[in-house]
Amino acid sequence: MAVNVEQSPFFTERRVSNQVTVKDPPKFDLESYISNYEGRTRLDRLALIGSTSTYLAVDAFRMAITEAKKGKDTSAYLKVVECLHNILPNDPMGIPDLSWVEQKNRQVKQETERLEHELKAYKNNLIKESIRMGNEDLGQHYYATGDLSNAFKAYFRMREHCTSAKHLADMMLRLVFVSIAQKSWIGAQSHLIKVETQAPKGEERAKLEPIVSACRGLAHMCCGQYREAAEAFLQTSPAFLSADPAAGIRFQKEVLTGNDIAVYGGLCALASMDRSELQELVLANNDFRNFLELEPHIRRAISLFCGSKYSACLEVLEAYRTDYLLDVYLAPCVREIYGRIRSKSIVQYFIPFSCVTLEEMAKKFQMTGEGMSIEEELIYMINTGLLDARIDLVERLLVSPPTNPRHAAHSSALAMAEKYDHTLRLRLLRLNMLNAALEVRVPKGDGGALGTSMMGGESIGASLRRLGQMSGF
């Protein structure tokens, strides 16, 4: 059912940040897709789908309302109810359950007071472990109620009461978890570095590494650092798929899944790596292959790009653009990532040719529906330095700039001859030094300075002048 979602508060907020409205149906089934997630990310993803997709808006908001009533975040519940009411006023689920809201708020207030009272008692007893666990319980409570700021503060207060490396690593992972929920990517990167430096050794460290790599890749991607994101995702071990909860958090369900790693890593690699790197670091990566098997179309797109079948690669990606625009982390990056991949494809396609007709370029790289013709796109790429070419509007040709192969060959030959001559003279100098019984060595404790020793009492200056004459310098 297609509805107008522009009245939604979620849509209004995201439209300001260049969020687009998705009118086409996605390839995934909503229930199967959302069943892969748990916790707050499940509600966030349903809210994004409802506020972005005209096709799934009603179903997504209904599922979001049901999900919100399972938790303690009454403000999130009221928001999704308002969104559903704005697009479908007669729906019974669009009427807020105020009695449930009042009851839940009362329970949350009582629980908050109880946890704060317990924490105060722990502080009076001066038992570090009890204080640490009290702050942890309070942070979990605040997170469940949607108070992310206080949750972050509660987790941060655990630091001074941690008594082992594992406690410090768990505390930092919780800060990473809250930072991701807040979309505070710089903070998430900072805390991930601390997790790596403070993680325990041995088996515990091995369990944390896949989670740290995946979260670091996510933070880099959301900051627009696609090369770093691709490298982090490619380093993620397949153990991530079956890893035990870290710090009590199932990152595979509450942050991103193995399918997400395949999609994010594959797209970031396509946007930032050349064909040889894609072949070596992605397709030949045995660890990442486990993730690519979950999303075969990503592997197919990378294989097509490596095989110089750029238009087919772009067609595969365009078929899944709708799905990616409904992803809570990927949606803000889709346009830039796709633009980079398209620009790389055009540049690689044009390399073997001296000229190509604009009609052929338009046929190979069809429009993406963003209102830019192939001529405008090529002009933009030339002006920004992405494409070294010229456009002949009279003949309607894309022309490669003229080159002088004869001049290039002569320059290369001269440079090689000069290098060979220099190398030969150095070898002759060494032979003459050996013949003159002159030894040049680095004495011990001289910081790398050259030391000399001569035979027959000859001075350094006289020896070097004589060797220069013998070598032709």
Side-chain angles (χ1 to χ4, degrees), residues 27-28 33 36-37 169 173 176 189 192-193 195-196 199-222 225-246 249-310 312-314 316-317 319-320 323-324 327 329-330 333 337 340-341 344-345 348:
K27 290 184 175 293
F28 61 75
Y33 168 78
N36 295 321
Y37 302 96
L173 275 178
V176 170
Q189 291 182 22
L192 284 168
I193 293 174
V195 172
E196 291 180 314
K201 306 296 182 181
E203 186 178 348
E204 289 295 329
R205 187 181 188 88
K207 291 179 180 179
L208 293 179
E209 285 178 349
I211 296 172
V212 171
S213 296
C215 293
R216 185 171 63 246
L218 177 62
H220 281 306
M221 184 188 75
C222 293
Q225 301 164 347
Y226 301 120
R227 175 77 186 198
E228 292 80 0
E231 291 173 350
F233 285 128
L234 293 174
Q235 292 171 2
T236 304
S237 167
F240 177 87
L241 299 172
S242 57
D244 296 330
I249 302 168
R250 296 187 65 188
F251 281 84
Q252 306 89 331
K253 289 282 189 177
E254 298 189 52
V255 180
L256 72 170
T257 63
N259 299 69
D260 293 331
I261 292 177
V263 172
Y264 300 166
L267 292 179
C268 289
L270 275 172
S272 60
M273 296 181 176
D274 57 32
R275 287 190 298 168
S276 60
E277 289 177 320
L278 287 171
Q279 183 66 46
E280 179 181 354
L281 302 179
V282 182
L283 296 181
N285 188 329
N286 291 328
D287 288 343
F288 196 67
R289 186 177 301 167
N290 292 272
F291 296 103
L292 287 178
E293 289 175 356
L294 303 175
E295 297 288 340
H297 66 279
I298 292 293
R299 181 182 181 87
R300 186 164 66 254
I302 297 174
S303 299
L304 290 170
F305 188 91
C306 291
S308 302
K309 299 178 181 179
Y310 306 112
C313 169
L314 294 176
V316 172
L317 296 180
Y320 286 84
D323 293 30
Y324 300 153
D327 185 281
Y329 300 124
L330 190 57
C333 310
I337 289 176
R340 290 193 180 198
I341 297 173
K344 283 177 56 181
S345 300
Q348 291 292 321

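Minimum interatomic distance between Leu208 and Leu173 (heavy atoms only, all atoms of both residues): CD2-CD1, 3.4 Å. Annotation for Ala232 and Arg216: closest pair CB-NE, 4.0 Å, computed over non-hydrogen atoms. A pairwise comparison of heavy atoms in Ile298 and Ala262 identifies CG2-O, 3.8 Å as the closest pair. Of all heavy-atom pairs spanning Glu277 and Asp274, the tightest one is N-OD1, 2.9 Å. Smallest separation of non-hydrogen atoms from Cys268 and Ala229: SG-CB, 3.9 Å. Looking at every heavy atom in both residues, Ala214 comes nearest to Thr236 through N-OG1, 3.6 Å.
Separation of atoms NZ (Lys344) and SG (Cys313) is listed at 9.0 Å; rounding is to 0.5 Å. Here CD1 of Ile341 is found 4.5 Å from CG of Leu270. Values are rounded to the nearest 0.5 Å. Here CG of Asn36 is found 12.0 Å from CD of Gln252. Values are rounded to the nearest 0.5 Å. In this structure, CD1 on Ile302 lies 10.0 Å from CD on Gln279, to the nearest 0.5 angstrom. Expressed to the nearest 0.5 Å, how far CG of Leu281 lies from CD of Gln235 amounts to 10.0 Å. Atom CE of residue Met273 and atom SG of residue Cys306 lie 11.0 Å apart, to the nearest 0.5 angstrom.
Listed by chain and number, the residues in a side chain to side chain contact (heavy atoms under 4.5 Å, CB included) with Ala312 are Leu304, Lys309 (sequence neighbours excluded). Partners of Glu209 according to the side chain to side chain contact (heavy atoms under 4.5 Å, CB included) rule, which considers only residues two or more places apart in sequence or in another chain, are Arg205. Residues passing the side chain to side chain donor-acceptor pair (under 3.5 Å) test with Tyr329, sequence neighbours excluded: none. With sequence neighbours left out, the side chain to side chain donor-acceptor pair (under 3.5 Å) criterion links Glu231 to Arg227. When the ring-ring contact (aromatic ring centres under 6.0 Å, His included) test is applied to Phe305, the partners found at least two apart in sequence or on another chain are Tyr310. For Tyr37, the ring-ring contact (aromatic ring centres under 6.0 Å, His included) partners at least two apart in sequence or on another chain are Tyr33. Residues satisfying the side chain to side chain donor-acceptor pair (under 3.5 Å) criterion with Asn259, sequence neighbours excluded, are Glu295. Residues that satisfy the side chain to side chain donor-acceptor pair (under 3.5 Å) test with Ser237, not counting sequence neighbours, are absent from this structure. For Leu241, the side chain to side chain contact (heavy atoms under 4.5 Å, CB included) partners two or more places apart in sequence, or in a different chain, are Phe291, Leu294. In this structure Asp323 satisfies the side chain to side chain contact (heavy atoms under 4.5 Å, CB included) test together with Pro26, Lys27, Phe28, Tyr320, sequence neighbours excluded. Checked against salt bridge (charged side-chain N to carboxylate O under 4.0 Å, His left out), Arg340 has the following partners two or more places apart in sequence or in another chain: Glu336.
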Chi angles and distances behind the side chain to side chain contact (heavy atoms under 4.5 Å, CB included) call for Tyr264, Asp327:
CA-CA 10 Å; Tyr264 300 166; Asp327 185 281; 2.6 Å; yes

Working for side chain to side chain contact (heavy atoms under 4.5 Å, CB included), residues Leu267 and Tyr226: CA-CA 9 Å; Leu267 292 179; Tyr226 301 120; over 6 Å; no

- Task: Check step by step if side chain to side chain contact (heavy atoms under 4.5 Å, CB included) holds for Leu256 and Phe233.
- Result: CA-CA 12 Å; Leu256 72 170; Phe233 285 128; 4.2 Å; yes

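Using a 4.5 Å heavy-atom cutoff, the side chains of Gln189 and Gln225 are in contact. Looking only at side-chain heavy atoms (C-beta outward), Asp260 and Val255 stay at 4.5 Å or farther from each other. Two residues are said to be in side-chain contact when any heavy atoms from C-beta on lie closer than 4.5 Å; Asn285 and Leu292 fail this criterion.
Screening residues 278-291 for salt bridge (charged side-chain N to carboxylate O under 4.0 Å, His left out) gives no qualifying pairs among residues at least two apart or on separate chains.
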